[in-house]
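The model shown is predicted, which means the values in this text are computed figures rather than measured ones.
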Amino acid sequence: MAHSLTKDPFVFDFLALGHDVDERHIEQALVDRMVEVLRELGPGWAFVDRQRHIHVDGRDFYIDLLFFHVEQLRYIVVELKAGPFTPEQTGQLGFYVSIVDDLIRKKQHAPTVGILLVSDKSEAVVRYTLSGTSRPLAVSSYTYEALPDREKDSLPAAERLKRALRAPIPGKQQKSTEV
């Protein structure tokens with residue numbers, strides 16, 4: 001269920017941030033550019049709140065970003081982590097999902113989904129971490145580049161492409177062109 005709402009990776013190149021930024025800067029940039037963020041998230045997403053304050057048993061907690069999916073009629077808790085995924089982060093996310101289900105969600109709404117956005121993740125660690133939970137949680141990475149490193153590394157270098165484009169095609173007569 002959580003995986004049907006999320007994609008991986010989210011491409012945040014429009015934020016123009018470097019790799020060494022903290023969670024608050026990422027969050028601020030996302031809120032500042034909410035229209036582009038909603039387009040990147042996909043159809044049906046609506047922004048509800050940022051740093052949603054929740055008071056539980058004398059303690060204060062803050063949900064990074066809270067969305068509502070208007071087609072699926074469910075809340076979506078998004079927690080941002082500036083570093084790589086660690087299993088304990090799903091505990092915090094699950095806690096927030098439970099709070100939203102108990103204190104905010106209406107009975108006609110579908111169960112809340114939690115999405116953890118991290119800068120990097122190991123698929124195996126994520127799989128083992130989520131295999132023991134029945135909560136609708138997903139872990140997705142974000143990037144500031146249109147192509148992840150793995151895809152970029154599989155492409156030829158820009159200089160090699162330029163040389164190939166300038167090279168004459170065998171068996172074809174070249175036209176003289178001035179630029």
Side-chain angles (χ1 to χ4, degrees), residues 1-57 59-121 123 126 129-130 133-148:
M1 179 183 350
H3 293 291
S4 70
L5 283 172
T6 189
K7 62 188 207 175
D8 189 24
F10 287 96
V11 179
F12 292 157
D13 59 346
F14 57 88
L15 296 178
L17 296 174
H19 289 284
D20 295 327
V21 294
D22 64 18
E23 294 158 21
R24 292 281 182 238
H25 284 98
I26 298 168
E27 181 184 310
Q28 183 64 50
L30 289 172
V31 171
D32 289 347
R33 305 288 298 271
M34 192 52 66
V35 171
E36 289 93 341
V37 170
L38 290 171
R39 282 187 191 129
E40 179 64 15
L41 294 174
W45 289 66
F47 178 70
V48 175
D49 207 352
R50 166 191 186 196
Q51 290 299 306
R52 178 64 173 254
H53 177 251
I54 304 289
H55 192 77
V56 177
D57 201 23
R59 293 180 60 193
D60 295 311
F61 299 93
Y62 298 88
I63 297 170
D64 286 345
L65 298 169
L66 185 62
F67 294 90
F68 190 80
H69 199 279
V70 297
E71 294 170 0
Q72 294 190 12
L73 298 177
R74 73 174 72 241
Y75 283 98
I76 303 160
V77 171
V78 175
E79 277 301 299
L80 299 165
K81 299 299 175 191
F85 172 73
T86 59
E88 58 271 15
Q89 294 166 337
T90 58
Q92 178 188 25
L93 180 61
F95 174 72
Y96 290 156
V97 166
S98 295
I99 288 172
V100 170
D101 272 345
D102 189 48
L103 301 178
I104 299 173
R105 179 174 72 102
K106 307 289 185 226
K107 61 183 166 198
Q108 67 269 24
H109 294 157
T112 301
V113 167
I115 299 174
L116 185 66
L117 287 176
V118 296
S119 64
D120 191 30
K121 64 183 178 138
E123 293 294 336
V126 169
T129 301
L130 295 181
T133 184
S134 59
R135 290 187 183 129
L137 304 178
V139 177
S140 187
S141 60
Y142 58 85
T143 180
Y144 302 114
E145 293 120 18
L147 289 176

Worksheet item: If you look only at pairs with a residue in residues 94-103, which of them pass as a salt bridge (Lys or Arg N to Asp or Glu O under 4.0 Å), with sequence neighbours excluded?
Response: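 Residue pairs with at least one partner in residues 94-103: Asp101-Arg105.
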Is there a side-chain contact between [X] and [Y] (heavy atoms, below 4.5 Å)?
{"X": "Leu137", "Y": "Arg135", "result": "yes"}
{"X": "Lys81", "Y": "Glu79", "result": "yes"}
{"X": "Phe67", "Y": "Leu38", "result": "yes"}
{"X": "Ile63", "Y": "Val100", "result": "yes"}
{"X": "Ile54", "Y": "Ile104", "result": "yes"}
{"X": "His109", "Y": "Arg74", "result": "no"}
{"X": "Val139", "Y": "Val118", "result": "yes"}
{"X": "Leu66", "Y": "Ile76", "result": "no"}

Could you grab the distance from atom [atom1] of [X] to atom [atom2] of [Y], nearest 0.5 Å is fine?
{"X": "Leu80", "Y": "Asp64", "atom1": "CG", "atom2": "CG", "result": "5.0 Å"}
{"X": "Phe61", "Y": "His55", "atom1": "CZ", "atom2": "NE2", "result": "9.5 Å"}
{"X": "Tyr62", "Y": "His53", "atom1": "OH", "atom2": "NE2", "result": "4.0 Å"}

Worksheet item: Near His25 NE2, under 6.0 Å, is it more than 12 heavy atoms from other residues, nucleotides or ligands?
Response: no
Practice prompt. Look only at the side chain of Gln89 and the backbone of Thr86, and say whether a donor-acceptor pair between them is shorter than 3.5 Å.
Written response: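 Looks like yes, one N/O pair under 3.5 Å.
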Worksheet item: Hey, is the main chain of Leu130 close enough, under 3.5 Å, to the side chain of Thr133 for a donor-acceptor pair?
Response: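 Absent.
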Discussion item. Minimum heavy-atom separation for Ser119 and Ala82, please, with both atom names.
Written reply: OG-O, 3.0 Å
Worksheet entry | Residue pair Val113 / Val97: nearest heavy atoms and the distance that separates them |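 Distance-wise, the nearest heavy atoms are C-CG2, 4.0 Å.
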Worksheet, complete the sentence: Which of Phe47, Tyr75, Trp45 passes ring pair (Phe, Tyr, Trp, His ring centres under 6.0 Å) with Phe68? Answer is Tyr75
